[in-house]
Amino acid sequence: MVFRSSTSLIGLLSLLFLLSVSSAIRLGLVRRPSPELPLFREAPAFRNGEDCGSSPSATINVAMTLDTNYLRGTMAAVLSMLQHSTCPENLAFHFLSSHDDPPELFSSILSTFPYLKMKIYPFDSNRVRGKISKSIRQALDQPLNYARIYLADTIPENVKRVIYLDSDLVVVDDIAKLYGVDMKGKVVAAPEYCHANFTLYFTDNFWSDPVLAKTFRGRKPCYFNTGVMVMDVDTWRKERYTEKVEEWMAVQKQQKRIYHLGSLPPFLLVLAGNIKAVDHRWNQHGLGGDNFEGKCRSLHPGPISLLHWSGKGKPWLRLDSRKPCIVDHLWAPYDLYRSSRHFFEE
């Protein structure tokens, strides 16, 4: 069966209901890979539409991190992309994982998506351990959260463009639309949020320093969320953006505290005001609430192509605790966890 994109939430929910009663999809159980890891259903095979090409130029490269704490979210994100893609067989996934992750983690995703084009790259946490400074939330301090900075140096050089995605999101549109954005010569494309108070992302130490305060001179910096980015990794390599981001991490770590969050502010310092802005539909972010309490939030008005549970609250945890937010029910249909109750439940 070939699944095509649905851009409205009403259409999405209707599609999910139809799939739940269809005999065309049977999600079989796979053997538990490890007592420490959850058991997932095997996802169905998604096939290309008739007009899909098969050349290397037709490949859509998607990069994500892979770890035990967010594995359930990763599975849901991958399923959502495959389900809404016109050419799902053209998707190639690049997973960055810590060296100390158990081998069962890899076998888990392979058994859940046996037809998936994927590569797994070990990320050496020692590259960033001495560069990370404590932030407002422990989850933001994990070395793998910084792996996106080193993405261009990790994946093969023949990969020129990639979409980087966090694991706490689902895509409800054809990801090819985002991948094909005209980047206008910029190294990163992402939704911009210029209504946000940009000064709040940095401390008084930053703004009171006359040298540091000149950082954004000549730019009109706006907040953008690094959990959804199209990256020209070829240009990133050539212009040594990894080193540029690391320089700001060194200022934060060694000289003075200039920001509170984890890997986001260094990106903003290097790129804010110099990215290609894309439609806000590609990152309906903040659904996890703030970084302290994670209280429920409602959807923003307008069309939606991607739902992102950035913030403290994660949908699988709130669903398991039987205290879900309304928006969490939009994530649940993509949950392949064996014990989950959703429209795919057999």
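Position 1 is the first residue of the sequence, and the numbers go up from there. All figures in this text were calculated on a predicted structure; none of them were measured in a lab.
Remark: the H308 side chain and the N283 side chain contain an N/O donor-acceptor pair separated by less than 3.5 Å. A donor-acceptor contact under 3.5 angstrom links the side chains of D174 and T86, judged on distance only. Using modelled atom types, one finds a donor on one side chain and an acceptor on the other under 3.5 Å when comparing Y150 with E246. One side chain, T242 or W236, offers a donor N or O that lies under 3.5 Å from an acceptor on the other. A donor-acceptor contact closer than 3.5 angstrom is absent between the side chains of D320 and Y337.
With hydrogens and angles ignored, the 3.5 Å screen pairs no side-chain donor or acceptor of S305 with any backbone N or O of W282. Here the side chain of S85 pairs no donor or acceptor atom with the backbone of L82 at under 3.5 angstrom. Listed for the S310 side chain is a donor-acceptor partner under 3.5 Å among the backbone atoms of G286. At distances below 3.5 Å, at least one donor-acceptor pair connects side-chain atoms of S107 with backbone N or O atoms of E104. Looking only at distances, a side-chain donor or acceptor of R41 sits under 3.5 Å from a matching main-chain atom of R338. A donor-acceptor pair under 3.5 Å is formed between the side chain of Q284 and the backbone N or O of H300. At distances below 3.5 Å, not a single donor-acceptor pair connects side-chain atoms of N48 with backbone N or O atoms of C52. Counting only distance, with no hydrogens or angles, the side chain of T235 and the backbone of D232 share no donor-acceptor pair below 3.5 Å. Side-chain N or O atoms of K160 include none that pairs as donor or acceptor with a backbone N or O of D234 at under 3.5 Å. For R161 (side chain) and Y179 (main-chain N/O), a donor-acceptor pair under 3.5 Å exists by modelled atom type.
Taking CD1 of I120 as the reference point, atom CG of L96 lies at 10.0 Å (rounded to 0.5 Å). Between the CZ atom in F202 and the OG1 atom in T215 there is a gap of 8.0 Å [rounded to 0.5 Å]. Note that CG of N61 is 15.5 Å distant from OH of Y164, once rounded to the nearest 0.5 Å. R148 CZ to N145 CG: the interatomic distance, rounded to the nearest 0.5 Å, is 4.5 Å. Distance check, rounded to the nearest 0.5 Å: CD1 of I163 to NE2 of H94 gives 11.0 Å. Atoms OG1 and CG, on T59 and N90 in that order, are 6.0 Å from each other to the nearest 0.5 Å.
Under the 4.5 Å side-chain criterion, counting only non-hydrogen atoms from C-beta, D335 is in contact with R72. Contact of the L287 side chain with the W331 side chain is not registered, since no non-hydrogen atoms from C-beta on lie closer than 4.5 Å. Side-chain contact between F95 and M118 is present, with at least one heavy-atom pair separated by less than 4.5 Å. At least one side-chain heavy atom of F113 sits less than 4.5 Å from a side-chain heavy atom of L336. Side-chain contact between L306 and V172 is absent, with no heavy-atom pair separated by less than 4.5 Å. In this structure the side chain of M75 reaches within 4.5 angstrom of the side chain of S108, judged on heavy atoms. Considering only heavy atoms from C-beta on, F40 comes within 4.5 Å of L71 through its side chain. Taking 4.5 Å as the limit, every side-chain heavy atom of F46 sits out of range of all side-chain heavy atoms of L91.
Within 6.0 Å of the CD1 atom in I326, the count of heavy atoms belonging to other residues, nucleotides or ligands does not exceed 12. Residue K119 qualifies as open at atom NZ: its count of foreign heavy atoms under 6.0 Å is 12 or below. Heavy-atom contacts from other residues, nucleotides or ligands closer than 6.0 Å to CG of N197 number more than 12. Heavy-atom neighbours of N126 CG from other residues, nucleotides or ligands within 6.0 Å: above the threshold of 12.
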* Asked: Hey, mind stepping through L212 and W248 against side-chain contact (heavy atoms from CB on, under 4.5 Å) and telling me if it holds?
  -> CA-CA 10 Å; L212 296 178; W248 283 112; 3.7 Å; yes
* To do: Carefully, step by step, assess V233 and I155 under the rule side-chain contact (heavy atoms from CB on, under 4.5 Å).
  => CA-CA 9 Å; V233 287; I155 62 178; 4.2 Å; yes
* Could you walk me through whether R47 and E89 pass the salt bridge (Lys or Arg N to Asp or Glu O under 4.0 Å) test, one step at a time? => CA-CA 6 Å; R47 302 303 184 190; E89 292 179 279; 3.4 Å; yes
* List the steps and the verdict of side-chain contact (heavy atoms from CB on, under 4.5 Å) for S298 and V327. => CA-CA 7 Å; S298 58; V327 294; 5.6 Å; no
* To do: Applying side-chain contact (heavy atoms from CB on, under 4.5 Å), run through L330 and V170 and close with a yes or a no.
  => CA-CA 9 Å; L330 298 173; V170 293; over 6 Å; no
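Classification of E157 and R237 as a salt-bridged pair fails, no side-chain N sitting under 4.0 Å from a carboxylate O. Of the charged side-chain nitrogens involved, at least one lies within less than 4.0 Å of a carboxylate oxygen, so that E243 and R240 count as a salt-bridged pair.
E192 and G273 make their closest contact through OE2-N, 4.3 Å (heavy atoms, listed as atom of the first residue, atom of the second, distance). The two residues H329 and P324 make their nearest non-hydrogen contact at NE2-CG, 3.8 Å. When all heavy atoms of S97 and F106 are compared, the closest pair comes out as OG-CE2, 3.5 Å. L268 and C222 make their closest contact through CD2-O, 4.3 Å (heavy atoms, listed as atom of the first residue, atom of the second, distance). Here the shortest heavy-atom pairing between L144 and T65 reads O-CG2, 3.6 Å. Closest approach of T203 to H260, counting heavy atoms only: CG2-NE2, 3.4 Å.
Linking ILVMFWY side-chain heavy atoms closer than 4.5 Å, directly or via other members, places V270 and W207 in a single hydrophobic cluster. V78 and Y115 are not part of a single hydrophobic cluster, where members link through side-chain heavy atoms under 4.5 Å apart.
The aromatic ring centroids of Y193 and H285 lie less than 6.0 Å from each other.
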Give the table of side-chain donor-acceptor pairs shorter than 3.5 Å for residues 181-191, with sequence neighbours excluded, one pair per line with atom names and distance.
residue, atom, partner, partner atom, Å
D182, OD1, K184, N, 3.1
D182, OD2, K184, NZ, 3.4
K186, NZ, N274, OD1, 2.7

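The only option from N69, D328, D168 that meets the side chain to side chain donor-acceptor pair (under 3.5 Å) definition with K314 turns out to be D168. When the options Y223, F216, Y259 are evaluated for a ring-ring contact (aromatic ring centres under 6.0 Å, His included) with F198, the one that passes is F216.
Within the structure, every pair that satisfies the disulfide bond (SG atoms under 2.5 Å apart) test and touches residues 268-324, not counting sequence neighbours, is listed here: C296-C325.
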